[in-house]
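All residue numbers refer to positions in the sequence shown, counting from 1. What you see below is based on every heavy atom in this structure, not just the backbone, and it leaves out hydrogens, waters and symmetry mates.
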Amino acid sequence: CPIVGYGVSVDGKPIPRSSTESLKPTISLDHKDGLVPQATHRFSVRSRNVVGLSEPAELPGLMAAPPEAVSGLRLVAHSAGGLQIMWDDVPRAKSSGLPVTSYRVYLDRGWRVETYQTVPDDATCDVEGHSASYRERIEGGVRIVQSNGCPNHFNGCQKNFCDGASSEAMPAAGRYLIPSLPTLKPQRQGMLHCVIEPLGVALNGVPILGPATAPRATGLARDCGDALQEHAQALDACGGRTDISGRYVYNALPKCLLAQLHAADNTHSPQVGWSMDGFPIYGPRGPSGVAMLPCARRQPWDR
């Protein structure tokens, strides 16, 4: 008779599973299933067919505890274009004998907190876009966007022979807290001087960068580079690139994302992302497909 499901118990307590899940010979368990860190539990599995249940197969297991806090947190470099921080790796002895799989970095901007997650050096995004992850929800007036940073389309320069880009993109998980009800400021307040951090996030979770790069060697606050010119050879066929840290970003139009959203030349462009101040970001065309162009361009950031 064919197997119609598997029953799983923890310490004699059955774990609820849907009919679809019960057919899978695997399960993930956590504290919601009664697991306690550093405690030994008894797991049992019984197969089931139309006649009945088998005898249980049992396995003792120790649930690991979270790792201890990192040590040696330090600032190793800083400039007008950004900074670099480092910390000491957490050894297995301080992580229940298990290797640490990632580190999360929280950046407090006063009104929002962004989360960046580092991953092992050998982790890469799927070049065909199958490893992308994007979630979005609204809580208390805040739009919470979570992503692993991998695009949901082809990425990289292996197939269209562009020059200067890193070979593969790496996951760079981020958590963005964005106002769900944005408001306009009464007047223009300053300019975007050489902003190389994300100005928004695309609907597939890829960070959207501005048109400017870090200040040039002159050291002048307004002497920014033009990202599209400086990274033109690094852009792949979808308008993205892999930056020096391995993160995949958009500096140009997200062509493949627009195609997935069925953008057309004779209609208004679809929304492609959210800006960090909460306003939606659309493609390059307005009503009836009219191309949206700037009135003037004095500096790269005036696009």
Side-chain angles (χ1 to χ4, degrees), residues 125 128-130 132-138 142-157 159-160 162 165 169 174 176-185 188 191-192 195-213 226-243 247-303:
C125 296
E128 300 293 341
H130 301 304
S133 173
Y134 179 93
R135 288 185 296 170
E136 178 185 319
R137 70 182 190 275
I138 295 178
V142 177
R143 186 182 309 278
I144 303 174
V145 175
Q146 292 178 283
S147 162
N148 66 356
C150 292
N152 62 343
H153 52 67
F154 165 76
N155 57 95
C157 293
K159 293 186 178 181
N160 62 320
C162 59
Y176 306 93
L177 305 183
I178 301 171
S180 61
L181 296 174
T183 57
L184 289 171
K185 296 184 183 299
R188 184 176 182 177
M191 298 181 67
L192 299 175
V195 176
I196 57 176
E197 61 190 31
L199 301 180
V201 58
L203 296 183
N204 57 5
V206 173
I208 299 175
L209 273 58
T213 62
D226 187 318
L228 290 184
Q229 291 183 5
E230 295 195 12
H231 301 302
Q233 292 183 318
L235 296 177
D236 61 22
C238 293
R241 66 179 178 89
T242 304
D243 68 10
R247 177 183 62 169
Y248 189 83
V249 298
Y250 289 134
N251 271 120
L253 286 177
K255 300 176 183 178
C256 295
L257 178 59
L258 283 167
Q260 292 174 346
L261 298 172
H262 307 291
D265 292 342
N266 60 349
T267 60
H268 195 295
S269 293
Q271 181 183 353
V272 297
W274 297 103
S275 64
M276 289 305 182
D277 57 9
F279 287 94
I281 300 174
Y282 292 88
R285 297 188 178 275
S288 301
V290 175
M292 307 302 291
L293 300 174
C295 297
R297 179 171 179 257
R298 298 179 299 276
Q299 297 289 348
W301 51 79
D302 288 336
R303 270 201 281 264

Measure across [X] and [Y] and return the closest heavy-atom pair with its distance rounded to 0.1 Å.
{"X": "C150", "Y": "A132", "result": "O-CB, 3.2 Å"}
{"X": "I281", "Y": "G200", "result": "CD1-CA, 4.5 Å"}
{"X": "G149", "Y": "S147", "result": "N-OG, 2.8 Å"}
{"X": "G283", "Y": "L258", "result": "CA-CD2, 4.1 Å"}
{"X": "V206", "Y": "Y248", "result": "CG1-O, 3.5 Å"}
{"X": "G278", "Y": "W274", "result": "O-CE3, 3.6 Å"}

From [X] [atom1] over to [Y] [atom2], what is the distance, rounded to the nearest 0.5 angstrom?
{"X": "R247", "Y": "L209", "atom1": "CZ", "atom2": "CG", "answer": "5.5 Å"}
{"X": "D277", "Y": "L184", "atom1": "CG", "atom2": "CG", "answer": "9.0 Å"}
{"X": "N204", "Y": "Y250", "atom1": "CG", "atom2": "OH", "answer": "4.0 Å"}
{"X": "H153", "Y": "E128", "atom1": "NE2", "atom2": "CD", "answer": "11.5 Å"}
{"X": "R143", "Y": "L177", "atom1": "CZ", "atom2": "CG", "answer": "12.0 Å"}
{"X": "R285", "Y": "T267", "atom1": "CZ", "atom2": "OG1", "answer": "9.0 Å"}

Indicate yes or no: at least one non-hydrogen side-chain atom of [X] is less than 4.5 angstrom from one of [Y].
{"X": "H268", "Y": "P287", "value": "yes"}
{"X": "M276", "Y": "P198", "value": "yes"}
{"X": "N148", "Y": "C125", "value": "no"}
{"X": "L199", "Y": "S275", "value": "no"}

